[in-house]
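Following: one structure in structure tokens, then a few remarks.
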Amino acid sequence: GAGVSQTPSNKVTEKGKYVELRCDPISGHTALYWYRQSLGQGPEFLIYFQGTGAADDSGLPNDRFFAVRPEGSVSTLKIQRTERGDSAMYLCASSLTAGALETQYFGPGTRLLVL
Amino acid sequence: GESVGLHLPTLSVQEGDNSIINCAYSNSASDYFIWYKQESGKGPQFIIDIRSNMDKRQGQRVTVLLNKTVKHLSLQIAATQPGDSAVYFCAENISGTYKYIFGTGTRLKVLA
């Protein structure tokens with residue numbers, strides 16, 4: 001079946017602009033995760049959804065970052081007043097259910113460049 | 001596209017040889033581990049997993065070894081192929097949580 005998809009694959013924006021990154025999880029997966037990956041680093045956790053609710057947003061770096069998942073499927077990561085330091089690969093993953101021992105399957109990522 | 005991990009440790013192996021990629025994990029409470037493969041410009045791809053009640057698990061051409069005493073994980077790739085060239089990450093799952101912590105990653109280069 002189809003895997004996790006993310007759009008756009010690349011996004012170039014100017015400092016101070018607003019961006020939205022979209023994630024379509026694997027059909028039937030109730031848990032969804034956002035990660036950020038900087039060059040040369042492993043993915044770092046941002047936020048986790050179980051269904052429609054954000055169960056843990058402790059990884060969001062500040063209040064410019066926000067994510068929603070209104071119908072428990074597609075999720076959007078929103079970044080306000082972008083800064084050059086926000087440039088990174090943003091990865092989405094989903095798992096069948098939430099909790100321990102659940103494999104997370106990743107999408108191809110959105111590479112964000114803030115000029 | 002831009003490469004993942006320009007400053008990562010690199011392992012270079014000859015095509016057809018076996019590769020061993022190592023990972024030291026951080027939390028003694030971690031009880032589930034995954035190896036991911038990440039090609040340039042793509043998201044991490046699941047390769048193989050292992051639970052803490054095991055010390056070895058084999059897949060197709062890959063074997064994962066877990067040493068809980070020294071908190072060490074390794075990925076062995078048999079008969080390495082050019083398509084194996086990528087960055088490899090280990091990820092540990094903290095017991096009882098959904099959280100994964102990723103290691104720094106190792107770049108595998110397969111020489112023809």
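Proteins come first, then strands; the chains are lettered A, B, ... in the order of their sequence lines, and each starts at number 1. The model shown is predicted, which means the values in this text are computed figures rather than measured ones.
Inspection of non-hydrogen atoms places B:Phe46, B:Asp49, B:Arg51 of residues 45-53 of chain B under 4.5 Å from chain A.
Note on A:Leu32: it does not cluster hydrophobically with A:Tyr48, by side-chain heavy-atom contacts below 4.5 Å among ILVMFWY residues. Linking ILVMFWY side-chain heavy atoms closer than 4.5 Å, directly or via other members, places B:Tyr88 and B:Leu65 in two distinct hydrophobic clusters. The hydrophobic cluster containing A:Leu21 also contains A:Val114, counting ILVMFWY residues as joined when their side-chain heavy atoms lie under 4.5 angstrom apart, directly or transitively. The cluster map of Ile, Leu, Val, Met, Phe, Trp and Tyr, joined by side-chain heavy atoms under 4.5 Å apart, puts B:Leu11 and B:Val110 in the same cluster. In the hydrophobic cluster analysis, where Ile, Leu, Val, Met, Phe, Trp and Tyr join through side-chain heavy atoms closer than 4.5 angstrom, B:Met54 is grouped together with B:Leu66.
Across A:Pro43, A:Gly42, A:Ser9, A:Gly107, the residue that shares the most heavy-atom pairs under 4.5 angstrom with chain B is A:Pro43. With respect to chain B, the highest number of heavy-atom pairs below 4.5 Å among A:Val4, A:Asp56, A:Leu91 belongs to A:Asp56.
Aromatic ring centres of A:Phe106 and B:Tyr36 lie closer together than 6.0 Å.
With a threshold of 4.5 angstrom between heavy atoms, A:Asn10 does not approach chain B through any atom at all. The part of A:Ser58 that comes within reach of chain B is its side chain, from C-beta onward, which places non-hydrogen atoms under 4.5 angstrom from that chain. Contacts of A:Gln104 with chain B are made by both backbone and side-chain atoms, with heavy-atom separations under 4.5 Å.
Counted within 6.0 Å of CD on A:Glu44, heavy atoms from surrounding residues, nucleotides or ligands total 12 or fewer; the atom is thus considered open. Other residues, nucleotides and ligands place more than 12 heavy atoms under 6.0 Å from the CZ atom of A:Phe65. At most 12 heavy atoms of other shown residues, nucleotides or ligands fall within 6.0 angstrom of atom NZ in B:Lys56.
In this structure, A:Tyr35 and B:Phe102 have side chains that are in contact, with non-hydrogen atoms separated by less than 4.5 Å. In this structure, the side chains of B:Phe89 and A:Gln41 stay at 4.5 Å or more apart for every pair of heavy atoms. In this structure the side chain of A:Thr103 reaches within 4.5 angstrom of the side chain of B:Tyr32, judged on heavy atoms.
One distance of note links NZ of B:Lys42 with CE of A:Met89; it measures 11.0 Å at 0.5 Å rounding.
Listed by chain and number, the residues in a side-chain contact (heavy atoms from CB on, under 4.5 Å) with B:Asp55 amount to none (sequence neighbours excluded).
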